[in-house]
Each structure stands twice: as C-alpha cells, then as structure tokens.
Amino acid sequence: MKLTGRHFLTLKDFTPEEITYLLDLAAELKRKKKEGAPTLLCQGKNIALIFEKTSTRTRCSFEVAARDLGMGVTYLDPSGSQIGKKESIADTARVLGRIYDGIEYRGFGQEIVEELARYAGVPVWNGLTNEYHPTQILADMLTIRENFGSLKGIKLVYMGDARYNMGNSLMVGCSKMGMDFVACAPEKYFPDKGLVSQCREYAKASGGSVSLTTDVEEGTKGADVVYTDVWVSMGEPDAVWEERIRELSPYRVTSQVMENAGEKAIFLHCLPAFHDLKTKIGKEIGIRFGINEMEVTSQVFESPRSKVFDEAENRMHTIKAVMAATLAE
Ligand code: CP
Ligand code: NVA
C-alpha cells in the first residue's frame with residue numbers, strides 16, 4: 001500500500017483497503033509507543049499546523065505525533081499569521097509548501113483546505129472543517145476495532161446535529177467500512193441528501209447501510225456504538241443555542257438510551273463535551289436555559305461504557321499513521 005504524497009482531506013478520497021491500512025499502521029505505531037520503541041519514520045522533515053479554530057486534541061496529537069516521527073513542528077494560531085487577512089490561501093500554500101514537508105489545516109469551509117491542497121505541492125491534512133473531520137473518524141474506528149475486534153456489521157448511531165462535520169464524516173467512514181450508520185435526529189438535522197446518496201452507494205459496495213430516523217428508541221435499538229457531539233459547533237453564532245437546546249434535547253444520550261441500545265453498546269464522543277457545568281460555556285448556557293448537561297449526561301459520560309478517553313488517545317496514534325503514510329519516502 002502506497003499513500004506517499006497523498007492529501008488527507010476527506011475519507012471519500014480513500015478506499016476501504018486504504019483506510020484499513022491506516023488503521024493497521026496506527027495500531028502498530030500505538031504498540032511501538034507503548035513498548036518505547038522508536039518510530040523515527042520521517043526524520044529531518046518539518047510540518048506546519050494552521051489552526052483558524054481552537055483545539056486541544058488535534059493540535060497536541062499532530063505535535064506529539066510529529067515529534068515521535070522525528071519531525072519539527074510550527075504552530076500557527078488563529079491570529080498569529082497573515083493567512084486570509086493579508087495573504088490568500090493560494091499564496092500561503094505556495095509559501096508553506098516551499099518550507100515544509102506537510103501542512104495541517106483546521107478552519108472553516110472544506111473548499112479552503114482543498115485550495116490549500118491544490119497549491120501546496122506537499123501533503124495537506126484536514127484537521128477539521130465545517131463539513132468534515134476525517135482524522136477524528138480514524139481514531140473512532142481504531143477505538144471501535146479495539147472494543148469489537150472489527151468494523152464490519154457494527155451499528156453506529158449518531159445522535160444530534162447530523163448535518164455537520166462529525167455526522168457527515170462518520171456517515172462516510174461507516175458506509176465505506178461495511179458498518180450500519182444511523183443518523184438519529186430531527187429531520188432538519190439530517191445530513192445533506194446528496195451526501196446520503198453517495199454514502200448509500202459506498203454502503204452498497206461494502207455491505208453496510210445508511211439510515212435516517214427521528215425515533216430515538218428505534219434508532220438506538222441494538223446499537224453497538226452510540227455517538228454524539230456538541231449541539232453548537234465552533235464558528236456558529238451564539239443565537240442558535242436556544243433552538244438547538246429545544247430541538248436536540250430529546251436526542252441527549254442518557255442511561256435510558258444506552259440501556260435501549262443493549263448491554264454491549266459503548267459510548268463515543270469526539271470531545272470536548274458539555275456533560276456538566278464545569279466549563280465557561282457549559283455554565284453560562286446551563287444557567288441561561290436551566291439545564292445541567294447537554295448532548296450527554298454525566299452518568300453516561302463517566303460510565304464504564306464510555307470510551308471517550310481511549311478515543312482521544314487514539315487521535316495521536318491515527319494522526320501519526322496519516323503523516324507517516326503520506327510522507328513516507
Ligand atoms: N475532537 C477534536 O477535534 O478535539 P479538539 O477540538 O480539541 O482538537
Ligand atoms: N462539531 C464540533 C466538533 C469538534 C471536534 C465542532 O466543529 O466544533
């Protein structure tokens with residue numbers, strides 16, 4: 001399998017075999033890290049990380065993974081560069097492409113990371129856009145494999161705003177890998193119809209399925225994985241909170257939902273999560289709307305079924321695999 005020189009912008013661009021290869025490589029790199037074995041596969045290279053939105057997991061994963069692979073890293077924060085304000089994406093791409101061996105981008109529209117990739121001349125990795133979050137999906141899949149042994153036939157239910165980056169990307173990833181993907185949300189939060197049709201084509205080839213339902217009991221029955229994400233994503237206006245809380249509260253992941261899913265079901269969340277009032281925004285919103293938790297209850301989040309911290313750790317191992325594979329000589 002050779003992925004040298006490839007961009008990593010969305011899983012739509014990757015075959016099931018290529019995705020499996022990246023997951024196998026991530027598992028191997030994880031094992032080596034635990035054993036303390038060196039993995040200096042990209043020694044002497046340098047990468048740039050562009051973050052137009054904030055991050056904990058993605059930034060730390062890229063930085064640590066790069067160092068473990070023997071690379072130097074430059075972090076460009078949301079205000080610390082000329083990008084967009086004084087210099088276009090195309091010009092930035094051509095400058096950074098002369099200096100670095102790879103570029104990570106987190107920001108707004110998918111078209112921005114695509115433009116960066118078109119001009120950079122080096123691999124570009126999507127660290128989250130409004131539409132897709134592909135490195136997150138690899139971490140989710142590695143976590144699912146660690147819990148169930150394989151991906152084929154696994155039923156994953158996504159609860160909440162299924163038309164944004166996480167819902168879209170999970171639908172693409174699951175349908176490519178022979179999984180049964182369910183978006184469980186009010187109709188207005190269903191993913192884009194065109195993307196649903198495309199994913200149903202992937203599912204036809206892989207033996208998976210894609211379904212959409214507004215019914216929580218039916219949607220989560222027999223699920224292996226119950227997944228959710230914040231109800232308001234980065235970059236969205238504060239004004240949408242009221243509507244989201246009203247419309248998505250019936251789709252909160254509660255103990256009842258997990259019981260309905262069944263004994264073997266695990267809970268995943270890309271994080272950060274609003275499961276209590278211990279954050280600035282969580283507290284403000286909690287007080288404003290008289291609620292203590294949003295997309296998931298603390299009871300589920302803190303339960304043994306919750307694998308969210310394994311999932312967060314796996315961000316680093318899977319991002320390392322993406323960089324090692326695309327930068328390999
Ligand atoms: N899941 C995720 O992308 O987390 P960060 O926003 O902290 O990078
Ligand atoms: N949907 C979330 C994902 C965060 C990892 C956001 O875009 O803010």
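The figures that follow rest on heavy atoms only: side chains count, while hydrogens, waters and symmetry mates do not. Residue numbers count from 1 along this sequence. Remember, it's 1-based here, ligands and their atoms both numbered in the order they're listed.
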**Shortest reach to atom 8 (O) of ligand 1 by a heavy atom, considering only Ala312, Cys270, Ser55** =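 The residue whose heavy atom sits nearest atom 8 (O) of ligand 1 is Ser55.
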Among Asn130, Leu271, Asp161, Asn165, the residue with a heavy atom nearest to atom 7 (O) of ligand 2 is Asn165
Contact between [X] and [Y] at the side-chain level, heavy atoms closer than 4.5 Å - yes or no?
X: Leu41; Y: Leu327; result: no
X: Ile144; Y: Leu156; result: yes
X: Ser233; Y: Asn130; result: no
X: Met323; Y: Cys42; result: no
X: Met177; Y: Thr20; result: yes

Do any N or O atoms from the side chain of [X] and from the backbone of [Y] form a donor-acceptor pair under 3.5 angstrom?
X: Thr92; Y: Gly84; result: no
X: Lys53; Y: Gly107; result: yes
X: Ser249; Y: Arg246; result: no

Which of the atoms in ligand 1, numbered in the order shown and given with their element, are less than 4.0 Å from a heavy-atom of Leu271?
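Under 4.0 Å from Leu271, ligand 1 has these atoms: 1 (N), 2 (C), 4 (O).
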Near Thr58 (heavy-atom distance under 4.0 Å), the atoms of ligand 1 are 2 (C), 3 (O), 5 (P), 8 (O)
Below 3.5 angstrom, do we get any N/O pair linking [X] and ligand 2?
X: Arg106; answer: no
X: His133; answer: no
X: Pro272; answer: no

What is the closest protein heavy atom to [atom], and at what distance does it sit?
atom: atom 7 (O) of ligand 1; result: Thr56 N, 2.7 Å
atom: atom 2 (C) of ligand 1; result: Arg315 NH1, 3.2 Å
atom: atom 8 (O) of ligand 2; result: Met234 N, 2.8 Å
atom: atom 6 (O) of ligand 1; result: Arg106 NH1, 2.8 Å
atom: atom 4 (O) of ligand 1; result: Arg57 NE, 2.8 Å
atom: atom 4 (C) of ligand 2; result: Leu128 CD1, 3.8 Å
atom: atom 3 (C) of ligand 2; result: Asp229 OD2, 3.6 Å

- [ ] With Arg59 as the cation and Phe51 as the aromatic partner, state whether NZ or CZ is under 6.0 Å from the six-membered ring centre and within 45° of the axis.
- [x]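 No.
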Identify whether NZ of Lys or CZ of Arg in Arg6 sits under 6.0 Å from the centre of the six-membered ring of Phe14 and within 45° of that ring's axis. yes
Compute the minimum heavy-atom distance from His133 to ligand 1 and say whether it is under 4.0 Å.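 Yes, that is the case, since the closest heavy atom of the residue is under 4.0 Å from the ligand.
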Give a yes/no on ligand 1: does Arg59 have at least one heavy atom closer than 4.0 angstrom to it? no
| task | Answer with side chain, backbone, both or neither: which part of Leu128 has a heavy atom less than 4.0 angstrom from an atom of ligand 1? | result |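 Neither; no heavy atom under 4.0 Å.
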Close aromatic pair by centroid cut-off 6.0 Å: Tyr164 and Tyr189:
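No.
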